[in-house]
Amino acid sequence: MDKHLHIVTHEIPWPVRHGGYTDLYFKIVELHKKGIKIHLHCFRKDPNREEKELLKYCVSIHYYNRRTGFKGISLSLPYIVQSRKSDELEINLCKDRYPVLLEGVHCTALLYKGALIDRNVVVRLHNVEYKYYNQLARSEKNILKKIYYFNESRLLKKYEKYISQKCIFLSVSSKDAEVYQDEFKASITFVPVFHPYSEVSSLPGKGSFCLYHGNLSVSENEKAAEWLLREVFDGMSIPFVIAGKDPSASLTHLVESKANTCLVANPSQEEMHDLINKAQINIIPSFNDTGVKLKLLNALFNGRHSLLNLSAVNGSGLDKLCNLADRATQFKEKISKLYNESLTNQQTDERKIILSEIYDNEKNARLLISLIW
């Protein structure tokens, strides 16, 4: 008998433009391989946008327009939830009794409303949202955005506590699972993120530069890049490359003022892969300790050495494969040491073992299916 599944996503998960889409898209691909008949429901900002690529993996696709701007504002609900409320979605989901996978707290308005009672509903957490928005607020320079992020965090904490008793939750990290269990007493299981990497392809030998990459339009990532420039690489002669989407004018100016540093703005996927592959050290500091950093998986599958702080690896199960530092002085010391060391065959073999144990798409698809049915 065929297994049908409704998946509701907070955005259209194609093309895979950044890490937030990776888990969504490759989960759909893997479930399709397992014979699951997927009915996809996507929220979108552009009312005319559709992605036919997803029809390769889904038997049906429905699109819903977000209530952006003032229409998405509520005094009691977080904006990420209020802007995705949809009567049409409720009607479509209630046409049958298939189980429902809600991607992110963003898509849970119907749970809050109580419209999916007696349905098999699972929520995939992208991180602990109230913590994520609190940390975004602390990284943000724009005062209006800072106020928005703090208010969203306040609303999200109440909201996440309320819905935590409504269904089963799946986390992307063991740390997020602990928060939901300890703070909200929720039923939650750690299901590692789905990703595009099938094998470790790290190059032998040594690279000639250090790399930080990420979506530079996100304040947290810009803050990390600026911290590396000012606190770590200042005074160092080792070449440093920053690569990512939409860098600000201030970050661009800061890079231009530093020696031995260059900025690669809006690289293609192929260019980014090439940079990660050729770098001697992929440096991944984070000021946000929720969720999982997809850039870390990318670096471990495709790069040489990885250097990061505990916040960037906490809950991923990958700390054994990483070089860890906390303060700027420790980053400097580790960079000076690792820059002259080749990645060994033993280190590569250890990566293959641990990554296949935790981040095997096929195995995690089976786990996901067992939790839904």
Side-chain angles (χ1 to χ4, degrees), residues 10-11 13 15-23 45 80 126-127 132-146 148-149 152 193 195-196 207 209-234 236 238-300 302-303 306-309 311-313 328 331 335:
H10 68 304
E11 303 282 355
V16 184
R17 292 177 177 144
H18 56 73
Y21 291 2
T22 302
D23 181 53
K45 290 183 179 178
I80 63 171
H126 299 164
N127 45 51
Y132 175 67
Y133 273 84
N134 182 271
Q135 290 163 349
L136 281 181
R138 295 180 187 282
S139 300
E140 183 56 56
K141 298 175 184 177
N142 182 294
I143 187 63
L144 293 178
K145 288 183 179 180
K146 185 183 285 287
Y148 162 70
Y149 288 143
E152 193 78 345
V193 294
H195 58 84
F209 61 92
C210 297
L211 174 70
Y212 174 77
H213 76 277
N215 182 351
L216 300 174
S217 67
V218 175
S219 58
E220 176 202 349
N221 292 337
E222 182 180 53
K223 180 181 177 181
E226 291 179 348
W227 180 80
L228 288 170
L229 286 167
R230 290 194 171 101
E231 304 295 332
V232 177
F233 281 92
D234 188 53
M236 296 187 78
I238 293 173
F240 179 41
V241 176
I242 296 173
K245 177 184 176 184
D246 296 340
S248 67
S250 62
L251 178 60
T252 301
H253 179 71
L254 181 60
V255 169
E256 291 172 349
S257 71
K258 301 291 183 180
N260 306 305
T261 303
C262 72
L263 175 66
V264 181
N266 301 305
S268 66
Q269 287 188 342
E270 293 76 15
E271 289 172 322
M272 185 67 86
H273 176 81
D274 194 52
L275 286 168
I276 292 167
N277 212 221
K278 291 179 177 177
Q280 172 65 1
I281 312 172
N282 281 274
I283 303 177
I284 311 170
S286 176
F287 300 101
N288 191 326
D289 61 358
T290 68
V292 67
K293 308 300 180 281
L294 273 302
K295 66 182 74 173
L296 172 58
L297 277 183
N298 197 344
L300 290 175
N302 302 306
S306 294
L307 175 61
L308 52 156
N309 58 354
S311 291
V313 73
F331 271 85
I335 289 168

Do H10 and I80 have side chains that get closer than 4.5 Å, going by heavy atoms?
no
Any non-hydrogen side-chain atom of I238 less than 4.5 Å from a side-chain atom of C210?
yes
Under the side-chain contact (heavy atoms from CB on, under 4.5 Å) rule, what do D23 and L294 come out as? Steps first, then yes or no, please.
CA-CA 9 Å; D23 181 53; L294 273 302; 5.7 Å; no
Over all atoms of both residues, closest heavy-atom pair of L300 and S306:
CD2-OG, 3.8 Å
Under the 6.0 Å and 45° cation-pi test, does K223 pair with F287?
yes
For a 4.5 angstrom cut-off between non-hydrogen side-chain atoms, does N298 reach N282?
no
Please check if the side chain of T261 supplies one atom and the backbone of A259 the other of a donor-acceptor pair under 3.5 Å.
yes
Distance, nearest 0.5 Å, that separates CD1 of I335 from CD1 of I283
3.5 Å
Here the gap from N221 atom CG to N215 atom CG, rounded to the nearest 0.5 Å, amounts to 6.0 Å
Nearest heavy-atom contact between R138 and N134 is NE-OD1, 2.8 Å
Is it the case that the side chains of S286 and N288 hold a donor-acceptor pair, with the cut-off being a distance below 3.5 Å and no angle test?
no
Considering only heavy atoms from C-beta outward, does the side chain of N260 approach that of F233 to under 4.5 Å?
no
Let me see the working for D246 and N266 under side-chain contact (heavy atoms from CB on, under 4.5 Å), right down to the final yes or no.
CA-CA 6 Å; D246 296 340; N266 301 305; 3.1 Å; yes
Between K146 and A137 (side chain of the first, backbone of the second, donor and acceptor by atom type, cut-off under 3.5 Å), is there such a pair?
yes
Closest approach of V255 to C262 (non-hydrogen atoms, all atoms of both residues):
CG1-C, 3.8 Å
So, taking the atom named NZ in K145 and the one named OG in S139, what distance separates them when rounded to the nearest 0.5 Å?
12.5 Å
With the side chain counted from C-beta on, respond yes when F240 and Y212 share a heavy-atom pair under 4.5 Å apart, and no when they do not.
yes
Can you tell me how far the CG atom of L229 sits from the OG atom of S257, to the nearest 0.5 Å?
7.5 Å
Straight-line distance of Q135 CD to N127 CG, nearest 0.5 Å
9.0 Å
Tell me the closest heavy-atom pair linking K293 and A312, and the distance in Å.
CG-O, 3.4 Å
What closest approach, in Å, do K295 and I284 show between heavy atoms, and which atom pair accounts for it?
CD-CG2, 3.4 Å
To check you understand the geometry: which heavy-atom pair defines the closest contact between L275 and F209, and what is its length?
O-CZ, 3.6 Å
For the NE2 atom of H213 and the CD atom of E271, what is their distance to the nearest 0.5 Å?
14.0 Å
Contact check, side chains of L254 and R230, non-hydrogen atoms, under 4.5 Å:
yes
T22 and V193: side-chain contact (heavy atoms from CB on, under 4.5 Å), yes or no, with the steps?
CA-CA 8 Å; T22 302; V193 294; over 6 Å; no
